[in-house]
Undergrad: 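Dropping a structure here in structure tokens format, bear with me for questions.
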There are 2 protein chains.
Amino acid sequence: MDGKVINLKSKMEIYKAISDGGNIANCPVRDVIQGFSGKWRSLLMMALAEQPYRFGELRRLVPDISQRMLTQTLHDLQRDGYVHREVFPTKPPGVEYSLTDLGRSMFGAFHQLILWAELNHDAVREARAAFDAAQ
Amino acid sequence: MDGKVINLKSKMEIYKAISDGGNIANCPVRDVIQGFSGKWRSLLMMALAEQPYRFGELRRLVPDISQRMLTQTLHDLQRDGYVHREVFPTKPPGVEYSLTDLGRSMFGAFHQLILWAELNHDAVREARAAFDAAQ
DNA sequence: TAGTGCTGGTCTCTTTTTGAGACCGACAAA
DNA sequence: TTTGTCGGTCTCAAAAAGAGACCAGCACTA
């Protein structure tokens, strides 16, 4: 197996998957996956996958998120169609956030990664410790 | 199903999963998943999942990554045990990056998300367009 | 009646992260 | 002798994220 022969073909394939002609919006991976990239999005998706929560509840659930980032991240998730925002005209008014069907569908795939993380947490930590020791 | 009864239990579960006593390093999700959060890590993992690449090849493959971020992201992936870095003492010296077993294992789970992204790219784009139009 | 608290935010300021691009040494080819 | 390749590092500007003050409207309390 030389590897050189399939080199060009693979490069073209991965280039299509990654760049798609230089237009990022046309690339599913970059356009959608990078939506998960934010520091807080995955955590909020996990929380909302369990049940709907209100703004203040989420804030207490993720203690080290700033109010500003919570607002903004929920707004982004809503814009991408993963989260539904509903205002209840109580006094004081309450706002409930819940997953949409699209959000639940996405979380199904994302869940695989969560399971992997739980299973392999130790392996990653060991790799880090070994790497740092080698420095 | 009232939902109120399991409220407390769920809160405790999600709190354990997210915060784990306030120590982020003990929480698999935050410790491992946030490793995928970076803007470039998923792209480089995708590239390296196809075949090993050298530094310059990766730079050409992902045209809009800066050299600095490529260096740093590869370093981080190596530290977490996903990527192996091998130096060939040629002239000029070449450096090849490849996935480790741990990296391939992680990519298996991550792959689900890639497939989802390809399938649902249009739905996300439509959600965004609808949201922006409603503003 | 004045004070306090809860709601879901916005606004400003500082710190951290990222991006753009110059620079590096060793060697090869022109 | 200039130019190019290799895999980076270094510096500085721009963007993103974090900390925390502030807001209106209402309920309860002293």
Side-chain angles (χ1 to χ4, degrees), chain A residues 4 7 11 18-19 22 24 30 33-45 47-48 52-80 83-98 131 134-135, chain B residues 7 11 18-19 22 24 30 33-44 47-48 52-80 83-98 131 134-135:
Chain A
K4 282 288 181 186
N7 203 341
K11 274 188 187 172
I18 287 177
S19 300
I24 291 172
R30 300 187 70 153
I33 297 280
Q34 291 197 351
F36 315 149
S37 301
K39 186 174 177 183
W40 304 109
R41 295 177 70 130
S42 52
L43 287 174
L44 293 180
M45 287 297 293
L48 294 177
Y53 280 110
R54 292 176 48 184
F55 188 88
E57 290 177 316
L58 288 170
R59 199 153 70 89
R60 285 185 289 274
L61 215 50
V62 188
D64 52 344
I65 192 173
S66 69
Q67 211 161 357
R68 182 181 161 283
M69 286 312 293
L70 181 55
T71 303
Q72 186 177 311
T73 307
L74 286 170
H75 178 271
D76 292 347
L77 288 173
Q78 188 194 355
R79 177 170 182 265
D80 281 3
V83 161
H84 172 70
R85 177 179 186 271
E86 189 159 8
V87 181
F88 295 101
T90 56
K91 285 163 188 177
V95 180
E96 188 181 82
Y97 293 90
S98 56
F131 183 87
Q135 303 304 83
Chain B
N7 203 342
K11 273 188 188 173
I18 287 178
S19 299
I24 291 173
R30 299 187 72 152
I33 297 278
Q34 290 197 352
F36 315 149
S37 301
K39 185 175 176 182
W40 303 110
R41 295 177 71 129
S42 51
L43 287 173
L44 294 180
L48 295 176
Y53 280 110
R54 292 177 45 185
F55 188 88
E57 290 177 316
L58 288 171
R59 199 153 68 90
R60 285 185 290 273
L61 215 51
V62 187
D64 53 343
I65 193 174
S66 68
Q67 211 162 358
R68 181 182 162 282
M69 285 313 291
L70 181 54
T71 304
Q72 185 177 311
T73 307
L74 286 171
H75 178 273
D76 292 346
L77 288 173
Q78 188 194 355
R79 177 170 182 267
D80 281 3
V83 161
H84 172 70
R85 177 179 187 270
E86 188 158 11
V87 181
F88 296 100
T90 56
K91 286 165 185 174
V95 180
E96 190 182 81
Y97 294 90
S98 56
F131 184 86
Q135 302 306 81

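Order of the sequence lines sets the chain letters (A, B, ...), proteins ahead of strands, with each chain counted from 1. Just so you know, these numbers come straight off a predicted model, no measurement behind them. Because only heavy atoms are used, hydrogens play no part in the values below, and waters and symmetry mates are left out as well, while side chains stay in.
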Undergrad: According to a strict under-4.0 Å criterion, is Tyr97(B) in side-chain N/O contact with OP1 or OP2 of dG8(D)?
TA: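 Yes, because at least one side-chain N or O of Tyr97(B) sits under 4.0 Å from OP1 or OP2 of dG8(D).
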Undergrad: For Arg60(B) and dG7(D), give me the distance from atom CZ to atom C1', rounded to whole Å.
TA: 12 Å
Undergrad: For Arg41(A), give me all partners under side-chain contact (heavy atoms from CB on, under 4.5 Å), at least two apart in sequence or on another chain.
TA: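 For Arg41(A), the residues satisfying side-chain contact (heavy atoms from CB on, under 4.5 Å) (neighbours in sequence not counted) are Thr73(A), Asp76(A), Leu77(A), Asp80(A), Tyr82(A).
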Undergrad: Just the rounded figure in Å: distance from P of dG8(C) to CG of Leu70(A).
TA: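 That distance rounds to 10 Å.
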Undergrad: Between CZ of Arg85(B) and CZ of Phe131(A), what distance do you get to the nearest 0.5 Å?
TA: 8.5 Å
Undergrad: Taking the side chain as every heavy atom from C-beta outward, state whether Leu58(A) and Leu74(A) have any pair of such atoms under 4.5 Å apart.
TA: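 Heavy-atom side-chain distance check passes, below 4.5 Å.
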Undergrad: Among dA17(D), dT11(D), dC6(C), which nucleotide has an atom closest to any side-chain atom of Arg68(A)?
TA: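 Ranking dA17(D), dT11(D), dC6(C) by closest atom to the Arg68(A) side chain puts dA17(D) first.
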Undergrad: Can you find a pair of side-chain heavy atoms, one from Leu70(B) and one from Val62(B), that are under 4.5 Å apart?
TA: no
Undergrad: Could you please name the option among dA19(D), dG8(D), dC6(D) that lies closest to any side-chain atom of Arg54(B)?
TA: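 Within the option list, the nearest is dC6(D).
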Undergrad: Mind listing the residues from residues 71-80 of chain A sitting with a heavy atom below 4.0 Å of DNA chain D? Number order is fine.
TA: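 Result for residues 71-80 of chain A: Gln72(A), sorted by number.
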Undergrad: If you find the nucleotide of DNA chain C closest to Trp40(B) and the one closest to Phe55(A), which residue's nucleotide is nearer the 5' end?
TA: Phe55(A)
Undergrad: Please report, rounded to the nearest Å, how far the P atom of dG19(C) is from the CG atom of Asp64(B).
TA: 9 Å
Undergrad: Would you indicate which nucleotide in dG8(C), dG7(D), dG18(D) comes nearest to any side-chain atom of Gln67(B)?
TA: dG7(D)
Undergrad: Write down the atom of Arg30(A), the atom of Asp64(B), and the distance for their closest heavy-atom approach.
TA: NH2-OD2, 3.0 Å
Undergrad: With rounding to the nearest 0.5 angstrom, report the OG to CZ distance, Ser66(A) to Arg59(A).
TA: 10.0 Å
Undergrad: Whole Å only: how far is the NZ atom of Lys91(B) from the P atom of dG25(C)?
TA: 18 Å
Undergrad: Round to a whole Å and report the spacing from CE of Met69(B) to C1' of dG8(D).
TA: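 To the nearest whole Å, that distance equals 15 Å.
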Undergrad: Would you call the rings of Phe55(B) and Tyr97(B) parallel, tilted or perpendicular, taking 30° and 60° as the class edges?
TA: tilted
Undergrad: Would you please confirm or rule out a distance under 4.0 Å between OP1 or OP2 of dT17(C) and any side-chain N or O of Lys39(B)?
TA: no
Undergrad: Rounded to the nearest angstrom, tell me the gap between atom CZ in Arg85(A) and atom P in dT7(C).
TA: 15 Å
Undergrad: Take the protein atom CD of Glu96(A) and the nucleotide atom C1' of dG9(C), then report the distance between them rounded to whole Å.
TA: 17 Å
Undergrad: Tell me the interatomic distance from Phe88(A), atom CZ, to dC6(C), atom C1', rounded to whole angstroms.
TA: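 The answer, rounded to whole Å, is 18 Å.
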